[in-house]
Amino acid sequence: MCRTMEEKELLQLSGAVEEVIYRNSNNGYTVMTMLCDGVNTTAVGIMSDVNIGDELKLIGNWKTHASYGEQFAFEYYEQYVPSTQDSILKYLSSGAVKGVGRATAKRLVEAFGEHTLEVMQTDPQRLEQIRGISHDRAEAISAEIRKTFGMREAMIYLQRFHISPQESVRVWKRFGGDTITVIENNPYMLCDKEIGLTFERADYIAAALNKPSDEPYRIRTGIIYVLRHNARNGHTCLPKDKLLEVAAGFLKLDKAMVSGHLDDLLREGALVPDTFGERVFVFLPSLYRSESFAASRLTMMKQFPPDSITGVEMALEQFEKQKGVSYADLQRQAIIEALSGGLLILTGGPGTGKTTTLNAIIALYAQHGLKVALAAPTGRAAQRMSAVTGREAKTIHRLLEVEWDNNDEPTFRKNENNRLECDALVLDELSMVDVTLFENVMRALPLGCRLIMVGDSDQLPSVGAGNVLGDMIASGKVPVVQLKEIFRQSMQSLIVTNAHRIIHGEMPDLSRKDGDFFFLPYSDKETIASTIVDLYIRRLPRSYGYSPLDDIQILCPGRKGELGVIELNKRLQEVLNPSVSRAEELPMPLYTFRKGDKVMQTRNNYDLPWTKPDGTEGSGIFNGDIGVIERVSRAAKTACVRFDDKLVTYDEESLLNLELAYATTVHKSQGNEFTAVIMPMYYGPPMLYYRNLLYTAVTRAKKLLILVGHVSTLQTMVDNNRKTLRYSGLKTFLERESH
């Protein structure tokens with residue numbers, strides 16, 4: 001029944017489908033029972049379509065589900081047309097073909113025997129011989145079975161090009177019965193956003209089909225693909241001349257040939273041109289819409305502000321007396337601006353009083369009867385916002401009531417037709433917000449709603465496309481108060497003062513040995529790595545009582561190399577949490593997870609259910625959330641992870657969005673704060689070793705920061721003020737709207 005496939009250590013299982021227990025029509029995930037050599041077997045995996053009586057060959061492995069026991073999890077499959085009278089009768093009786101029930105199935109098989117399916121597919125007129133089947137019904141039955149077998153034929157065709165079952169489901173949903181024709185004509189249609197194959201894979205298929213490299217559809221798709229790739233790197237647009245140069249190089253074609261097709265795309269509206277100064281820029285339509293809409297909405301808010309709160313200065317003075325505080329001039333300016341106008345960016349570095357100022361704004365809004373909503377881009381940032389304000393804060397996605405479509409893309413229930421119910425919205429960590437998410441916030445804002453945006457423009461920009469905070473500040477068209485004064489209590493922290501030195505291009509003070517900022521000079525990678533491990537596991541816990549899991553975080557510029565996230569995580573795990581029992585560890589593609597491991601969620605998952613000790617239930621674990629594995633099941637391929645007081649069970653699929661988190665990248669740390677931060681300082685690529693990344697890492701530490709490695713690397717990062725250059729249009733659109 002089963003044989004080992006040596007090269008992949010996979011097993012093969014063949015049989016006929018007895019029952020389809022569960023099927024997700026969106027992604028093709030199927031649970032079924034099969035009769036294999038007289039034994040009923042449960043099989044699970046992704047496939048295009050399945051019905052009772054189908055004859056299948058599955059390739060995969062056995063696994064044990066925590067609730068449902070032993071199952072065969074298949075990665076690949078082959079689907080055969082039922083060939084015997086019994087299997088055909090069972091197949092047709094299952095309702096697999098619309099318009100054919102048990103009685104009709106029996107009459108068809110009695111009439112045509114083993115040729116029943118062939119007759120149904122190719123000769124519908126003969127079906128009219130069967131009692132109860134009219135001409136129209138015969139045509140409908142034939143069309144239905146051609147569709148079913150067309151899907152199977154398409155799946156077999158796609159397997160030739162190493163397209164996985166899950167990808168094949170997306171292809172069939174997109175193109176249906178035209179799948180093979182579409183791919184034969186233009187394999188680059190597989191780069192469609194709904195399918196998501198890379199251009200390189202489409203190139204491979206095109207080569208297999210002997211397509212020339214200068215086909216117009218290849219060039220057009222390649223141009224769009226370059227723009228999409230750069231959007232993932234943060235750019236909402238590219239200068240036309242630069243796009244042309246990059247696309248020609250990427251496609252390995254003459255620039256003049258590519259230029260003609262780029263002009264066609266612009267003329268047809270598939271891409272959008274705009275001129276900034278004397279240079280033409282090219283946008284994907286969705287990103288052009290996001291930036292232009294955000295600019296027009298911000299301008300409208302400025303032109304039609306909400307009613308000013310009367311007696312603002314008197315209200316502030318009374319508030320100061322009530323709280324026993326005295327705000328600095330810039331803090332007072334920000335509070336007054338927030339109360340008298342409807343739009344404000346509050347920015348500033350560590351220790352400048354952003355939180356104090358924000359709390360005053362929120363409290364005064366509440367005193368005047370305004371309903372205030374608070375939001376931040378990540379779960380950890382929202383938790384921190386709640387902690388410092390004493391009020392509920394949500395992720396922006398949850399505030400906008402996110403839902404996910406069939407392509408796993410977010411849609412929002414809160415929009416221009418169903419606006420937020422608040423009088424003021426406060427957005428924190430705005431530097432992390434990309435322009436698409438910002439557009440959706442602006443669409444959901446009620447008319448007359450105040451918008452207070454808080455962020456540090458010197459931190460890293462958003463992972464997604466756009467430079468929202470930087471562009472708004474640079475435009476000069478949105479009211480900004482930048483807090484600059486470092487308050488006396490913060491002046492005592494070297495973390496704070498050195499962060500400000502770094503962002504102004506000055507080397508941090510490394511001379512003091514009695515503060516909260518330390519540099520340990522070492523020259524070789526092995527010594528740096530072993531020192532970091534020792535600090536994390538032994539020295540800091542012994543000297544400060546810090547917990548490696550709860551208090552200390554290693555932050556790295558990048559993921560690769562001996563001092564990157566991946567290798568440091570593996571090294572730390574082997575020392576802090578070595579293998580004890582194979583039953584208590586779970587191998588995954590990147591890491592092996594063990595009971596007791598510190599882990600991080602790497603993608604928002606609003607559907608992951610959690611429970612609390614008091615029985616409270618909910619759902620949602622977010623990108624950047626850090627937890628500890630409490631138990632693993634190797635057999636069931638599951639892990640239970642505790643995030644603060646929430647316990648979450650991960651299955652094999654959701655585990656792919658979990659990583660070890662003893663070390664993480666600086667980018668992944670945004671929105672978080674840690675009691676102690678350790679960071680390696682070693683030579684690396686300029687695109688990862690620059691001033692803003694160093695500044696962001698330093699400002700993640702609350703009580704202790706230790707840099708380990710080369711002083712020259714620290715100097716390089718301070719000197720490298722390459723602020724990630726992003727091509728974007730929001731600044732220009734804001735300037736235009738205001739004229």
Spell out, as yes or no, whether a donor-acceptor pair under 3.5 Å connects the side chain of [X] to the backbone of [Y].
X	Y	result
S290	S286	yes
D434	S462	no
T664	A661	no
N605	I621	no
Q670	L460	yes
K668	T602	yes
R23	V50	no
Q601	R603	yes
T122	E118	yes
R726	G466	yes

Using 30° and 60° as the class boundaries, would you call the ring planes of Y225 and F250 parallel, tilted or perpendicular?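 The arrangement is parallel - the two ring planes meet at less than 30°.
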Exercise: do [X] and [Y] side chains pair donor with acceptor under 3.5 Å:
X	Y	result
S142	Q121	no
E291	T236	yes
S728	D471	yes
T181	D178	no
Y591	D597	no

Determine whether [X] and [Y] make a side-chain contact, defined as any pair of heavy atoms from C-beta on separated by less than 4.5 Å.
X	Y	result
E70	T42	no
M600	D625	no
L287	T436	yes
Y157	T179	no
P377	T395	no
L656	P589	yes
V171	V182	no
N692	Y690	yes

Steps toward side-chain contact (heavy atoms from CB on, under 4.5 Å) verdict (F593, V599): CA-CA 9 Å; F593 293 129; V599 290; 4.1 Å; yes
Salt bridge or not for [X] and [Y], using N-O below 4.0 Å?
X	Y	value
E659	R559	yes
K637	D651	no
E245	K240	no

If you round to the nearest 0.5 Å, how far is [atom2] of [Y] from [atom1] of [X]?
X	Y	atom1	atom2	value
I88	E55	CD1	CD	8.5 Å
L227	R232	CG	CZ	11.0 Å
L271	L262	CG	CG	6.5 Å
C36	F72	SG	CZ	8.5 Å
M32	T41	CE	OG1	10.5 Å
I52	T33	CD1	OG1	8.0 Å

Kindly give the heavy-atom pair with the smallest separation between [X] and [Y], and that separation in Å.
X	Y	value
N720	P686	ND2-O, 3.1 Å
G729	F283	CA-CZ, 4.2 Å
K63	A73	CD-CB, 4.2 Å
V272	P285	CG2-CA, 3.9 Å
S669	L555	CB-CD2, 3.6 Å
T665	V565	N-CG2, 3.4 Å

So for atom NZ, which belongs to K570, do other residues, nucleotides or ligands contribute more than 12 heavy atoms lying within a distance under 6.0 Å?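 Check passes, neighbour count above 12.
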Show the numbers, then the answer: is there a side-chain contact (heavy atoms from CB on, under 4.5 Å) between I219 and M257? CA-CA 9 Å; I219 299 172; M257 179 183 291; 3.7 Å; yes
Less than 6.0 angstrom separating the ring centers of [X] and [Y], yes or no?
X	Y	value
H229	F199	no
F161	Y204	no
Y683	Y689	no

With side-chain contact (heavy atoms from CB on, under 4.5 Å) as the criterion, how do M189 and F175 come out once you've worked through the C-alpha distance, each side chain's angles and the decisive distance to 0.1 Å? CA-CA 10 Å; M189 293 289 284; F175 302 121; 3.8 Å; yes
Apply salt bridge (charged side-chain N to carboxylate O under 4.0 Å, His left out) to residues D241 and R279 and explain how you reach the verdict. CA-CA 9 Å; D241 57 326; R279 202 174 188 187; 3.3 Å; yes
Kindly determine whether V44 and Y22 satisfy side-chain contact (heavy atoms from CB on, under 4.5 Å), including the steps that lead there. CA-CA 9 Å; V44 298; Y22 170 78; over 6 Å; no
Among N230, V280, V226, V258, side-chain contact (heavy atoms from CB on, under 4.5 Å) partner for L243: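 When side-chain contact (heavy atoms from CB on, under 4.5 Å) is applied between L243 and each of N230, V280, V226, V258, only V226 qualifies.
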Which residue is it: R218, R220, K211? I am looking for the one with a side-chain contact (heavy atoms from CB on, under 4.5 Å) to Y188.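 Result for side-chain contact (heavy atoms from CB on, under 4.5 Å) with Y188: R218.
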Walk me through whether S579 and E585 qualify under side chain to side chain donor-acceptor pair (under 3.5 Å). CA-CA 8 Å; S579 178; E585 59 183 34; 2.9 Å; yes
